Amino acid sequence: MRRKALVALACIFAAAQAIRFEHTNPPVAGDLAAPPAVERALRQACYDCHSNETRWPWSANLAPFSWLVHYDVTEGRKRLNFSSWDAYVSDPGTRIQKLRNLQKAMTEDDMPPWYYRLLHPDSKLSESQHDVIVQWLAGEITSTQSSQ
Amino acid sequence: MISVLATLAALPFGPTVRADDDAQPVIRFHDGGFEPDELVVKAKTPFRLHVVNLTKDPIEFESFERNRECVVLPGARIVVYHPALDPGSCKYFDDFHHDAGQGTITAK
């Protein structure tokens with residue numbers, strides 16, 4: 001019985017490999033322009049899901065993990081894509097909303113997701129990196145608000 | 001007479017609204033969703049889209065395809081800047097109320 005279950009599981013695992021997703025990195029249309037320290041920190045913690053410069057991990061080739069990676073990158077790019085930052089900036093309302101979303105994520109410490117941090121320990125920001133992003137965000141929000 | 005004919009001609013096409021050359025089109029959000037369902041704008045021409053929230057709750061006007069995301073407070077009106085669009089359609093929705101349906105902006 002136990003052997004049958006293992007064989008069934010192995011078959012399901014093998015069949016799951018047939019469902020594959022393409023790993024695309026479209027051209028960068030207009031990347032975020034930020035101070036180097038901010039950019040470095042954002043690249044380290046966010047760019048894999050929130051840009052067109054994804055470093056596809058090994059798990060992106062192994063179902064069912066690849067399904068989660070594909071979902072995270074697809075959804076992440078839809079919600080906030082640093083490679084399309086120029087497009088956000090062309091509308092002040094959108095720009096400020098994206099900045100506020102980032103500020104919320106930093107304040108509540110809910111990004112990157114826990115399972116991503118588990119697999120990518122280097123995505124964890126140091127306190128100084130966290131602070132430099134928070135300060136930059138505050139300045140950007142203030143300057144955007146005053147120019148509206 | 002001309003206006004009557006124009007009105008009759010527009011009837012079969014339902015709630016589609018065409019933005020004039022110099023117009024700043026308006027999308028209203030009420031309890032039933034967005035109005036109009038489809039907004040037609042001139043392709044290759046930048047425009048300012050006004051979004052009015054007629055409900056008692058905040059909404060979030062969002063279009064993934066056009067990279068637009070703005071919160072509209074109850075009773076408020078915002079302006080969303082759009083660059084010149086290539087001919088085609090993009091969808092928008094209220095990210096705070098997914099059951100409210102979605103609308104389309106079509107550039108022709």
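Here is how names work: the chains are called A, B, and so on, in the same order as the sequence lines, proteins then strands, and each is numbered from 1. Please read these numbers as outputs of a predicted model, since none were measured by experiment.
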Honestly curious: do V71(B) and Y92(B) fall in one hydrophobic cluster under the side-chain, below-4.5 Å linking rule? no
Verify same cluster id: V51(B), F47(B) (apolar side-chain graph, 4.5 Å): yes
Any donor-acceptor pair under 3.5 Å linking the side chain of R68(B) with the backbone of A87(A)? yes
Spell out, yes or no, whether F93(B) and I78(B) are grouped together once hydrophobic residues are joined by side-chain heavy atoms under 4.5 Å, including indirect joins. no
Look at the side-chain heavy atoms of Ile, Leu, Val, Met, Phe, Trp and Tyr, link any pair under 4.5 Å apart, and say whether Y88(A) and I105(B) land in one connected group. no
Is it the case that more than 12 heavy atoms not belonging to Y71(A) sit under 6.0 Å from its OH atom? no
Do you know which two heavy atoms are closest between G93(A) and C70(B), and how far apart they sit? C-SG, 3.6 Å
Provide the closest heavy-atom pair for V79(B) versus D91(A) in the form atom of the first, atom of the second, distance. O-OD1, 3.8 Å
Any non-hydrogen side-chain atom of S90(A) less than 4.5 Å from a side-chain atom of Y81(B)? no
Any side-chain heavy-atom pair of E69(B) and N101(A) under 4.5 Å: yes
Following the transitive rule for hydrophobic clusters with a side-chain heavy-atom cut-off under 4.5 Å over Ile, Leu, Val, Met, Phe, Trp and Tyr, establish whether V28(A) and V73(A) coincide in one cluster. no
So, are E62(B) and R79(A) salt-bridged, with charged N and O less than 4.0 Å apart? yes
What are the two closest heavy atoms between T94(A) and N67(B), and how far apart are they? CG2-O, 3.4 Å
